[in-house]
**Q** 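One structure, as structure tokens, below. Some questions next.
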Amino acid sequence: MTEPPRPPGGSEPGGTPPEPTSPLTPPASYSMPGEAPSPGYAPPPSDAPPPPPPAGGDYPPPGAGYPPPGGASYPPPGSASYPPPGSASYPPPGYPPQGPPGGYYAAGPAPSGYANNDEKTWALVAHFGGAAGAFIGGGMLGWVGPLVALLAKGNQSPTVRAHAIAALNFQLLWSIITVVSWILVCVLIGFILAPVATIIAIVFGIIGGVKANDGQVYRYPMTVSIIK
């Protein structure tokens, strides 16, 4: 006859029977999800200790302002101190900066005698440009600078027009005198008149530029009203 099968974990006939296994028991700190932990439960320690509270006391509650170094506290976002875009107090008063009449913004206060810095620049171009043209062209090109200023800003600014016309009338007259003087070189008198006319155009053009820098329209001597 065949021997009946032995149960798993059994011993030989006549041997010691195996020890019974004990059922699994939860640890003292075990708790089911949603239940309060057992009295002996303790959370596992973290790697880094929590930061200490501020020197003045506890941490502020959520939504409260965090005081910066120095004392005063910043209001939390969304409070009345931060007006949202579209409200009556946004943007702040005075923004964007408003420029002077004329369609462009001039930085800083307007110089004396001018509405803005642009007018002063073109007035100086009229006078100093006339002196420079007389120097470069031998007394015959002093009218170029005043004419450029008159065409560029004369129709937009009465002040620039007054400076440009005063310089243009003077330089035109002495440019004509210089041309005639060079023609008279053949009779020797031109060698004297041409340099004198050139020097007059340069010197009085510089004087006119200095007066224009002070905000004054210079009334050139020895001139005629060719252009009005």
**Q** Phe128 and Val210: which non-hydrogen atoms are nearest, and at how many Å?
**A** CZ-N, 3.8 Å
**Q** Under 4.5 Å between any side-chain heavy atoms of Thr159 and Trp122, yes or no?
**A** no
**Q** Verify side-chain contact (heavy atoms from CB on, under 4.5 Å) between Ile227 and Leu172, making sure each step is shown before the conclusion.
**A** CA-CA 10 Å; Ile227 298 175; Leu172 273 177; 3.9 Å; yes
**Q** Can you name the side chain to side chain donor-acceptor pair (under 3.5 Å) partners of His127, sequence neighbours left out?
**A** His163, Tyr220
**Q** Would a distance-only check, ignoring hydrogens and angles, find a side-chain to backbone donor-acceptor pair under 3.5 Å from Thr198 to Gly138?
**A** yes
**Q** If I compare all heavy atoms of Pro146 with all of Gln171, which pair ends up nearest, and what's the gap?
**A** CG-CG, 4.3 Å
**Q** Using the side chain to side chain contact (heavy atoms under 4.5 Å, CB included) criterion, which residues pair with Ile199? Sequence neighbours excluded.
**A** Val203
**Q** Do Tyr218 and Ile200 share a hydrophobic cluster (ILVMFWY, side-chain heavy atoms under 4.5 Å, transitive)?
**A** yes
**Q** Counting only N and O atoms by type, is there a donor-acceptor contact under 3.5 Å from the side chain of Asn169 to the main-chain atoms of Ile226?
**A** yes
**Q** Would you call Lys153 and Val125 a side-chain contact if the rule is heavy atoms closer than 4.5 Å?
**A** no
**Q** Is any side-chain heavy atom of Ile177 closer than 4.5 Å to one of Leu193?
**A** no
**Q** Can you find a side-chain donor-acceptor pair between Lys120 and Asn213 that sits under 3.5 Å?
**A** yes
**Q** Decide whether Ile207 and Ile165 are clustered together by the hydrophobic rule: side chain heavy atoms of Ile, Leu, Val, Met, Phe, Trp, Tyr closer than 4.5 Å, transitively.
**A** yes
**Q** Using every non-hydrogen atom in the two residues, find where Gly190 and Pro195 come nearest and quote the distance to one decimal.
**A** O-CD, 4.0 Å
**Q** Can you name the nearest heavy-atom pair linking Gly215 to Tyr114, along with the distance?
**A** CA-CE1, 3.7 Å
**Q** I'd like to know if the side chain of Asn116 and the backbone of Glu119 have a donor-acceptor N/O pair within less than 3.5 Å.
**A** yes
**Q** Val180 and Leu141: same hydrophobic cluster, using ILVMFWY side-chain contacts below 4.5 Å?
**A** no
**Q** So which pairs with a foot in residues 181-211 pass ring-ring contact (aromatic ring centres under 6.0 Å, His included), sequence neighbours left out?
**A** Phe170-Phe204
**Q** For residues Leu124 and Gly209, report the shortest heavy-atom separation together with the two atoms involved.
**A** CD2-O, 3.4 Å
**Q** Should the heavy atoms of other residues, nucleotides or ligands under 6.0 Å from CD1 of Ile189 be counted, would the total exceed 12?
**A** no
**Q** Could you state the interatomic distance from OG (Ser181) to CD1 (Ile176), rounded to the nearest 0.5 Å?
**A** 11.5 Å
**Q** For the residue pair Ala115 and Ala110, what are the closest heavy atoms and their distance?
**A** O-CB, 3.2 Å
**Q** In Å and rounded to the nearest 0.5 Å, what is the OG1 to CD1 distance from Thr178 to Ile183?
**A** 11.0 Å
**Q** Heavy atoms, side chains only, cut-off 4.5 Å: are Arg161 and Leu150 in contact?
**A** yes
**Q** Please say yes or no: joined through hydrophobic side-chain contacts below 4.5 Å, possibly via intermediate residues, are Val179 and Leu173 part of one cluster?
**A** no
**Q** Do Trp174 side-chain atoms and Met222 backbone N/O form a donor-acceptor pair below 3.5 Å?
**A** yes
**Q** Any side-chain heavy atom of Asp214 within less than 4.5 Å of one from Ser112?
**A** no
